[in-house]
Amino acid sequence: MRMSSLFVRTLREDPADAEVPSHRLLVRAGYIRRAAPGIYTWLPLGLKVLRRVEDIIREEMNAIGAQEMLFPALLPREPYEATNRWTEYGDGIFRLQDRKGADYLLGPTHEEMFTLVVKDLYSSYKDLPLSIYQIQTKYRDEARPRAGLLRGREFVMKDSYSFDVDDAGLEASYQRHRDAYVRIFDRLGFEYVIVEAMSGAMGGSKSEEFLAKASVGEDTYVRCTLCDYAANVEAVHSPPVPPVPYDDAPAAHAEQTPDTPTIETLVDHLNERFPREDRPWAASDTLKNVVFSVRYPDGATEALAVGLPGDREVDAKRLEAHLGEGVVFEPFGEEDFKARPALAKGYIGPGALGEKKAAGVRYLLDPRVVEGTRWVTGADVTGSHVIDLVAGRDFSGDGLIEVAEVRDGDPCPRGDGGTLETARGIEMGHIFQLGRKYAEALDLKVLDEQGKLVTVTMGSYGVGPSRAVAAIAEGTHDELGLCWPREVAPADVHIVATGKDEHIFAAAERIAHELDQQGVEVLYDDRPKVSPGVKFKDAELIGVPTIVVVGKGLAEGTIEVKDRRTGERHQVPADHLVDRVTGIVRA
Ligand code: ATP
Ligand code: MG
């Protein structure tokens, strides 16, 4: 690759729409260009990195015996209808019609197609286990495409699927994939954590995510300060709380609490007018009831109330994960309240939500609201609250819901006395045991050893190579530019020839050629009329791990070798340069 002819233009200015460093730098260094919101063109440098990431994934998948294949992105509606995902995906997929009016979609993920192709070709337990995969372009009409490649509407995914005849087989296939993922992420060269995950819209049971540690990440995960528990915040359960005896609890009593529509005003009022003897009232003594209007992908709607301790908010991401893909919700607005006069805004209580169902709302409770706990909560009358309302005695809900925010310092669900710490990450990979959901929906059965038809059990394993390119850039860049780990860099060495002297260019040319012969991939800045300053800036921005500067030193027989990451420079005798650089590259 020669800078004089390489299809690249580096930019000094940040693109206006870039929110995060990786996006800014990938555009400025000439790796990608935006084609439409969440849709990007790969320029030669970017494509090199993408291909290197894909190759690492490919090697590790092949190493566990998974076989590569390729499905079309343009898919018929029927299989997605059979699993109900045509509907479940809601606005999340691109749907289109052919000239005859038949429905198609652009594949957001391919469980259906993989299941069907196995059904098509295999029929016996002897054919299993089987793992097949593809590296392919996916389409999702994301509600919030953001941060360049991190959340695209067109993106690259490696998706593999395992097929087994029984649960033990699935467990083994899952473990093999997990091990391969560990090797992939170790090689990709950035910091990551493996966390327990929600299985989301896919159904199924066991599921883990590989998250890149990154402050710009959209995922929050928790780790225990004592044990090895780590989970996506969506998947965190609060530790079970034992019921509290309530035999001597006083009867519930409604009190006048004018102008107390918020938890804060309520707590102040309680402490002023109804002081406790043991301690002051706290927000955690109150039961807050938050009502949402929810719309499901099939068009159905409902009002859903969440009852939780008043010191916690409903975490929208946890609620989203709980409700599933394609479900949209928003807090009750003025119109919703008008339509349900039983709900007194700011004073909503279990009276209207619970057994009496006056408001016709589904009422789910946080697990901290266990039997015997005592609450101050709305009396369903403006300006009034109930005190000493006992869960299980005075009210109950229609079930439990775990959507309250998780905080630093919350107890570890394993109950080992450790506490949780939260941090942000980018989801890089997701592995899960789908079980028989897809095989059942699409009727994938094989004959077992006894000649009986059994439903196949499946696993599904995804990694996002295009997202990985951005995440690696995000995790490794510095203030000067990109800074690729060697395994994924677009070249091994960036040679910069400086000055006007022809023999400098001739020497640089020779070095580039010799390195190339050694199998070292070279990006050579051979531009004759570009100043050294510009060339250095470009080299730093582009981020190839080793920079070789052929310049003035050549007169004394030395060439500079610079490490892009550490900035360390060495003057190397010109005769040793090729050996030295080859050594660095192969180290
Ligand atoms: P997210 O929660 O970030 O939307 P997801 O749970 O929808 O991700 P999966 O359906 O498990 O993701 O897809 C597998 C992998 O594909 C993800 O781990 C991620 O690396 C990648 N991926 C998913 N959505 C996108 C996207 N919009 N842009 C780029 N990569 C994506
Ligand atoms: Mg998603």
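Atoms within a ligand are numbered from 1 in the order they appear, just like the ligands themselves. Computed from a predicted structure; not experimentally measured. No hydrogens, no waters, no symmetry mates; every other heavy atom, side chains included, goes into these values.
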Engineer: Any chance you could lay out the ring-ring contact (aromatic ring centres under 6.0 Å, His included) test for Y181 and H430, step after step, and finish with the verdict?
Structural biologist: CA-CA 9 Å; Y181 272 47; H430 194 177; 9.9 Å; no
Engineer: With heavy-atom distances below 4.0 Å as the criterion, list the atoms of ligand 1 near L149.
Structural biologist: 29 (C)
Engineer: Could you tell me whether ligand 1 has any atom less than 4.0 Å away from a heavy atom of L150?
Structural biologist: yes
Engineer: Is any NZ, NE, NH1 or NH2 atom of the basic residue among E54 and R52 found under 4.0 Å from an Asp or Glu carboxylate oxygen of the other?
Structural biologist: no
Engineer: Report yes if some N/O of R467 lies less than 3.5 Å from some N/O of ligand 1; otherwise report no.
Structural biologist: yes
Engineer: Under the side-chain contact (heavy atoms from CB on, under 4.5 Å) test against F94, which residue among R140, E154, R153 passes?
Structural biologist: R153
Engineer: Of the options R318, R312, E313, which is the one that meets D315 in a side-chain contact (heavy atoms from CB on, under 4.5 Å)?
Structural biologist: R318
Engineer: With respect to G464, determine whether any N or O atom, backbone or side chain, lies less than 3.5 Å from an N or O atom of ligand 1.
Structural biologist: yes
Engineer: Run the salt-bridge test on E440 and R436 with the 4.0 Å N-O cut-off and return the result as yes or no.
Structural biologist: no
Engineer: Within a distance under 4.0 Å of any heavy atom of E142, pick out the atoms of ligand 1 and give their elements.
Structural biologist: 24 (N), 26 (C), 27 (N)
Engineer: Relative to the heavy atoms of G429, which atoms of ligand 1 are at a distance of less than 4.0 Å?
Structural biologist: 18 (O)
Engineer: Would you say ligand 1 has an N or O under 3.5 Å from any N or O of E427?
Structural biologist: yes
Engineer: Taking N or O atoms only and a 3.5 Å limit, does V463 qualify as a polar contact for ligand 1?
Structural biologist: no
Engineer: Classify the side-chain pair D166/Y125 by whether it contains a donor and acceptor separated by less than 3.5 Å.
Structural biologist: no
Engineer: Within the structure, does F155 bring an N/O atom to less than 3.5 angstrom of an N/O atom in ligand 1?
Structural biologist: no
Engineer: Find all atoms of ligand 1 within a distance of less than 4.0 Å from any non-hydrogen atom belonging to M428, and give their numbers and elements.
Structural biologist: 18 (O), 20 (O)
Engineer: I need the E421 CD to Y221 OH distance, nearest 0.5 Å.
Structural biologist: 9.5 Å
Engineer: Just going by heavy-atom distances, which of H430, K138, M157 is nearest to atom 13 (O) of ligand 1?
Structural biologist: M157
Engineer: Between E112 and R85 (salt bridge meaning N to carboxylate O under 4.0 Å), is one present in this structure?
Structural biologist: yes
